[in-house]
Q: 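This is the structure I want to talk about, given as structure tokens.
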Amino acid sequence: MIGKRFLQQFYLSFRLEVLLSFFAGAAAALIFPPFTGMWQGYVAFVLFLALLLGKEHSKKELFWLSYWFGFAFYAVGFIWINNALLIDDNKFAEYVPLVFMATGLFFGLFTGIPALAAAWGKNIYARGLLFCCAFVGFEWIRSFIFTGFPWNLLGTAFSFDPRLIQGAAHIGTYGLSFMLLLLLCGAAFLLYGAVKRQFCAGALLFIFIPTIFLFWAAGTYQPAEQGEITVRLVQPSIPQTFKWHPALAYKNFRQYIDLSKSKPLDGVTMVVWGETASPYFLDRDDEHRQEITEAIPNGGFLITGLLRAGIVNGEVVPYNSLFVLDKSGEVKDYYDKAHLVPFGEYLPFRAYLPDFMTPVANVVGDLGQGEPFKNLQVQGLPLMGGAICYESIFPKGVINPKSKPEILLVLANDGWYGVSAGPYQHLAAAQMRAVEEGITVIRSANTGISAVILPNGDTIGGIGLNEEGVSDVVLPKVLAKNTMYGRYGNIVLLFLLLIGVGLAFGLNTLNSCLGKSDSKVAA
């Protein structure tokens, strides 16, 4: 019996429809940075939705159609992860196919399982609403399950134009994902109806409602006025293969210092370096901490990433940290990374890993975990929050909910991912956090992309990927503003999804002309 079921599923998984879904998923990944705005990705997504929702399928068919779409969608969208395995003299190159497959196999579930919800729909529109609600719900689940990985949320596809992401201030990136899916479903219904020579009148509502919202939100966009605080972003573009080379540690350190003072520091309030910019434990290394003051303006400050040597139970534990230093070299405040990267900054289930994972386990150390949402309070500077690299991808995961800062400092490296989509997607995530929370984001990355992101989503003073240089940016007059999403978070999303589910089940009970006129299309 089990063998027969396996053969049936095997046969199903290789039907033409599934192959089409798979290739559509690979092409649909083009909706994300750096390809945002390209029509090919949207067309592929529409074709998949027409295939999935246009006619009734069994639950197994729904799952496999959507699962193989998701396999390709996420495996291609996250393909930059594999670059990290090629940095260290290709030592881990043999794991690239394994990581690629594992990415698709796991994340494909986040489209496959939501597709099962469509089985409850009795017409094309109910199926569409239920799939949209379940898909976005699983995007939210993806933000916390197994410590979370909300990378490439669908709403990020709007990030190519700040006006299009203004809605994130009201409904968050998840809400924009919902709006985009509704639009794509509407287009899919029109396409399927055209093939069947039927007019899907309800498709116009799927297009009209999110379009009205996006246009209204775009109208709330306001250009920012310049303030008085000038920030200098410093990007040395040190290749990852050189970053931790012992013989190059001091050279890299001096490169940061020399770049910082390559232009007069007069009028600069803050100099901002990237993640682990200093190779030295500056809390214990007085010599290099004094040397670093060359990069600090008079009356100003330096923000740098580094490893901090903490003491836990009498043992030295390294923390991935951010220091704020003044001109005298005194550490005025610090932030320790709280949301660590699994398999990068700690190794889950280290004691239970199989022997073949030993080479990987030996190069992954366990860092200390910092205090979540710790603000940086330094006299002479606005209240600041910290986020180091990976932390900036989490909606409602970077801003102190009880004491909102005016600035969010995001220090990153991204050198692990080379010339790939990864750094562009990482920047877009920070852009979404700026609009969601209505906060100024200062992002400095070792190899790029460094920039200041205004509360309205505008990105200014950027230093491109793998470019060496500095950029002086005047921060906006208003550093932060209140937003609905900032106040209520994902309660807004839950409300939207409940409305969507309610409408879907309402459509199931209707015998009006809406359902009847589209019955042939839905069959």
Side-chain angles (χ1 to χ4, degrees), residues 26 29-36 38 41 72-104 107 149 151-152 156 159-160 233-249 251-252 255-256 259 273-277 279 305 320 341-345 359-360 363-365 387-393 410-431 443-451 459 462-471:
L30 293 174
I31 68 173
F32 294 118
F35 311 105
T36 46
M38 293 180 62
F73 183 62
Y74 289 113
V76 172
F78 298 161
I79 199 168
W80 51 268
I81 294 174
N82 294 282
N83 284 27
L85 301 173
L86 305 176
I87 292 295
D88 193 7
D89 295 326
N90 293 325
K91 186 184 298 184
F92 302 110
E94 61 189 281
Y95 292 100
V96 168
L98 177 63
V99 171
F100 181 83
M101 291 293 294
T103 302
F107 286 104
F149 191 63
W151 194 284
N152 277 359
T156 310
S159 64
F160 64 92
L233 303 175
V234 179
Q235 183 173 297
S237 194
I238 299 169
Q240 189 62 33
T241 49
F242 296 164
K243 183 171 172 59
W244 293 108
H245 197 293
L248 299 174
K251 178 179 180 295
N252 295 339
Q255 186 176 353
Y256 265 105
L259 274 173
W273 295 0
E275 180 185 11
T276 58
N320 191 349
V341 182
F343 302 102
E345 293 170 322
V360 177
V363 298
V364 178
I388 297 178
C389 202
Y390 172 75
E391 292 180 305
S392 65
I393 71 173
V410 177
L411 306 192
N413 179 12
D414 287 354
W416 286 102
Y417 308 118
V419 180
S420 68
Y424 295 95
Q425 294 169 2
H426 205 179
L427 175 68
Q431 188 181 8
R443 186 179 197 271
S444 184
N446 167 38
T447 57
I449 304 165
S450 300
T459 300
I463 308 175
L465 183 61
N466 288 340
E467 291 181 8
E468 177 186 320
V470 298
S471 177

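Residues: numbered from 1 along the sequence shown.
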Q: With ring centroids as reference points, do Phe73 and Phe32 lie under 6.0 angstrom apart?
A: yes
Q: Within this structure, what is the CG-CG distance for the pair Asn83 and Asp414, rounded to the nearest 0.5 Å?
A: 11.5 Å
Q: Any luck finding a side-chain donor-acceptor pair between Asn446 and Gln235 under 3.5 Å?
A: no
Q: Looking at side-chain heavy atoms only, is the closest gap between Phe35 and Tyr424 below 4.5 Å?
A: no
Q: Return yes if some donor-acceptor pair links the side-chain N/O of Thr447 with the main-chain N/O of Ser237 below 3.5 Å, else return no.
A: no
Q: Return the minimal non-hydrogen interatomic distance between Ser159 and Ala428, and the atom names on each side.
A: OG-CB, 3.7 Å
Q: Decide yes or no on side-chain contact (heavy atoms from CB on, under 4.5 Å) for Leu233 and Val470, but give the supporting numbers first.
A: CA-CA 5 Å; Leu233 303 175; Val470 298; over 6 Å; no
Q: Find out whether Pro423 and Trp416 are in side-chain contact, i.e. whether some heavy atom of one side chain is under 4.5 Å from a heavy atom of the other.
A: no
Q: Kindly say whether Gly464 contributes a backbone atom to a donor-acceptor pair with the side chain of Glu467 at under 3.5 angstrom?
A: yes
Q: Check whether any side-chain N or O of Ser444 sits under 3.5 Å from a backbone N or O of Ser450 as a donor-acceptor pair, and report yes or no.
A: no
Q: Just checking Phe78 against Phe100, ring centres under 6.0 Å apart?
A: no
Q: With no hydrogens and no angle check, do the side chains of Gln240 and Asn413 hold a donor and an acceptor under 3.5 Å apart?
A: yes
Q: Restricting to non-hydrogen atoms, name the atom on Asn152 and the atom on Gly77 that form the minimum distance, rounded to 0.1 Å.
A: ND2-O, 3.6 Å
Q: Within the side chain of Gln425, is there an N or O that forms a donor-acceptor pair under 3.5 Å with the backbone of Gly422?
A: no
Q: Quick one: pull up CD in Gln431 and CZ in Arg443 and give me the separation to the nearest 0.5 Å.
A: 11.0 Å
Q: Return the minimal non-hydrogen interatomic distance between Ala421 and Pro33, and the atom names on each side.
A: CB-O, 3.7 Å
Q: Evaluate Thr276 against Trp244 for side-chain contact (heavy atoms from CB on, under 4.5 Å), listing each step before the verdict.
A: CA-CA 10 Å; Thr276 58; Trp244 293 108; 3.6 Å; yes
Q: Can you list the steps and then say if Thr103 with Val99 is a side-chain contact (heavy atoms from CB on, under 4.5 Å)?
A: CA-CA 6 Å; Thr103 302; Val99 171; 4.0 Å; yes
Q: Are the side chain of Ser392 and the backbone of Cys389 linked by a donor-acceptor contact shorter than 3.5 Å?
A: yes
Q: Rounded to the nearest 0.5 Å, what separates atom CD1 in Ile388 from atom CG in Leu411?
A: 6.0 Å
Q: Looking at every heavy atom in both Ala451 and Thr459, which two are closest together, and how far apart are they?
A: CB-CG2, 3.5 Å
Q: Looking at CD1 of Ile238 and OG1 of Thr241, how far apart are the two atoms once the value is rounded to the nearest 0.5 Å?
A: 10.5 Å
Q: Take the angle between the ring planes of Trp80 and Tyr417 and call it parallel below 30°, perpendicular above 60°, tilted in between.
A: perpendicular
Q: Mark yes or no for whether Lys243, through its side chain, and Leu248, through its backbone, hold a donor-acceptor pair below 3.5 Å.
A: no
Q: Can you name the closest pair of heavy atoms from Gly41 and Ile31 and give their distance?
A: C-CG2, 3.5 Å
Q: Please give me the minimum heavy-atom distance between Gly274 and Tyr256, naming the atom from each residue.
A: N-OH, 3.9 Å
Q: Is the side chain of Asn82 donor-acceptor paired with the backbone N or O of Ile79 at a distance under 3.5 Å, no angle test?
A: yes
Q: Applying side-chain contact (heavy atoms from CB on, under 4.5 Å) to His426 and Ile449, what does each step give before you reach the verdict?
A: CA-CA 9 Å; His426 205 179; Ile449 304 165; over 6 Å; no
